[in-house]
K.L.:
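Structure incoming, see below.
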Amino acid sequence: MLPDVPDFDIYAIDHLPEKLIVAEQRLIITWDDGKISHYPFVWLREYSPDAGTFNDITREQNIAVTDLPDKLNISSTEIGADGSVIVNWQPENLDSRYHPGWLRAHCPSNPKPNFELPKRTLWTATRTAASQTFPPTFSGAQIDTDKEFSEWLGALHSSGVAVITDLPIEPEALEKVVDRIGPIRTSNFGRIFDVELKAETNSNAYTSQPLRAHTDLATREYQPGLQFFFCMENSVSGGETILTDGLAVAEKIRTDHPEEYAFLTEQPIPFVNTDRDSEYRYEVPILETDHHGDITTVRFTYWLRAPMTGDLATLDNLYSALRLFHHYADHEDYQLRFPLKPGDLIGVDNRRVLHGRTGFAPDAGHRWLRGCYMEREELESRLRVLDRQRRIRSA
Ligand SMILES: [Fe+2]
């Protein structure tokens with residue numbers, strides 16, 4: 001029987017090890033396709049699937065690196081009949097058997113993961129005009145299958161927006177779909193919020209006024225990664241949904257306006273959201289980047305900016321950078337506009353894609369959307385698990 005692996009995945013054995021060499025504190029495997037993988041001793045020892053190192057129920061490590069001997073050595077190596085790699089560790093005298101598919105997938109210098117998240121693709125209104133299927137749209141009648149559901153989630157990850165149409169027009173329809181992804185993130189607006197006209201309101205969202213393209217909850221340290229809207233009713237005149245790819249806007253500014261881009265990525269901007277019994281504040285640049293310089297978060301709830309303080313030159317720069325961002329975010333070349341129909345559910349990456357609406361006449365018809373937040377990592381986790389389950393089923 002093949003050895004256990006330190007996770008819940010399965011690993012195809014596309015290639016077998018042909019030769020094992022121990023040199024310079026590494027195990028070097030030559031595979032049957034000529035590829036060579038180097039595994040540092042401490043790395044290999046840390047992932048030994050034996051019961052002392054790994055808990056086979058949780059598939060988590062029992063040890064820290066400090067629990068391993070300072071000076072590890074391998075006294076013997078062997079390739080098993082099933083292709084497993086067997087080494088004897090000294091001074092512990094521990095025999096470890098490694099799954100060849102797992103070793104190959106996790107080769108430190110040339111990993112080949114079982115699954116990778118769909119790549120992000122930027123979009124603009126101009127670029128999507130030729131496509132009949134943008135935003136990516138799926139039928140509520142087919143979304144029950146894991147395959148269609150995965151495709152919808154993949155489209156949401158890739159484009160930052162994806163739609164399901166023709167769901168049952170009932171208040172529970174939103175939760176029935178999003179509960180299949182992961183836990184909803186509650187906020188001071190509730191676990192599920194109803195976006196409709198409210199006389200006593202704590203947000204511009206609950207009025208009939210137009211809302212320019214924006215993200216939600218910029219005042220939170222961790223701005224929600226996803227937002228879902230489900231349309232229960234939309235019989236008003238106006239109230240079209242607006243979407244802009246904030247990442248496409250940011251990349252345009254990076255290319256054409258480097259000074260403003262530097263300002264937007266480096267200058268902390270204060271945001272505030274006050275209510276009768278809450279007051280959220282956070283100060284951060286409008287565009288956040290990771291260690292590669294890639295944009296991870298667009299933060300643009302424009303009506304929740306707190307009064308800026310600081311030198312006047314910085315204020316001048318702020319206002320010109322904001323105007324520039326609005327210029328593209330509200331420009332028809334970047335913006336999609338379409339009416340939501342009852343039964344439509346739209347998922348949006350709230351740290352990337354800006355949403356808004358045109359104004360509507362408040363006294364004729366009714367516009368009622370149900371909404372909720374979730375984190376991006378729930379979507380990513382669900383995509384990985386659905387793909388893993390698909391591979392396990394077809395193995
Ligand atoms: Fe919003």
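Hydrogens, waters and symmetry mates are skipped; everything else that's a heavy atom, side chains included, is used. Since we're looking at a predicted model, the values are computed, not measured. One-based numbering, in listed order, for ligands and for the atoms of each.
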K.L.:
Classify the side-chain pair Ser75/Asn88 by whether it contains a donor and acceptor separated by less than 3.5 Å.
P.N.:
yes

K.L.:
Got a sec, which residues hit side chain to side chain contact (heavy atoms under 4.5 Å, CB included) with Ala250, two or more places apart in sequence or on another chain?
P.N.:
Leu287, Ile295

K.L.:
Taking atom types as modelled, is there a side-chain donor on Ser159 or Trp123 under 3.5 Å from an acceptor on the other?
P.N.:
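Looking only at side-chain atoms, Trp123 and Ser159 do not form any donor-acceptor pair under 3.5 Å.
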
K.L.:
Thr207: what forms a side chain to side chain contact (heavy atoms under 4.5 Å, CB included) with it, not counting sequence neighbours?
P.N.:
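So Thr207 forms a side chain to side chain contact (heavy atoms under 4.5 Å, CB included) with Thr201, Gln209, Arg357.
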
K.L.:
Listing by chain and number, which protein N, O or S atoms are under 2.8 Å from the Fe ion (ligand 1)?
P.N.:
His214 NE2, Asp216 OD1, His355 NE2

K.L.:
Which of these, Phe325, Phe263, Tyr328, sits in a side chain to side chain contact (heavy atoms under 4.5 Å, CB included) with His257?
P.N.:
Tyr328

K.L.:
Any ring-ring contact (aromatic ring centres under 6.0 Å, His included) involving residues 61-99? Give me the pairs, sequence neighbours left out, ordered by first then second residue.
P.N.:
Phe41-Trp89

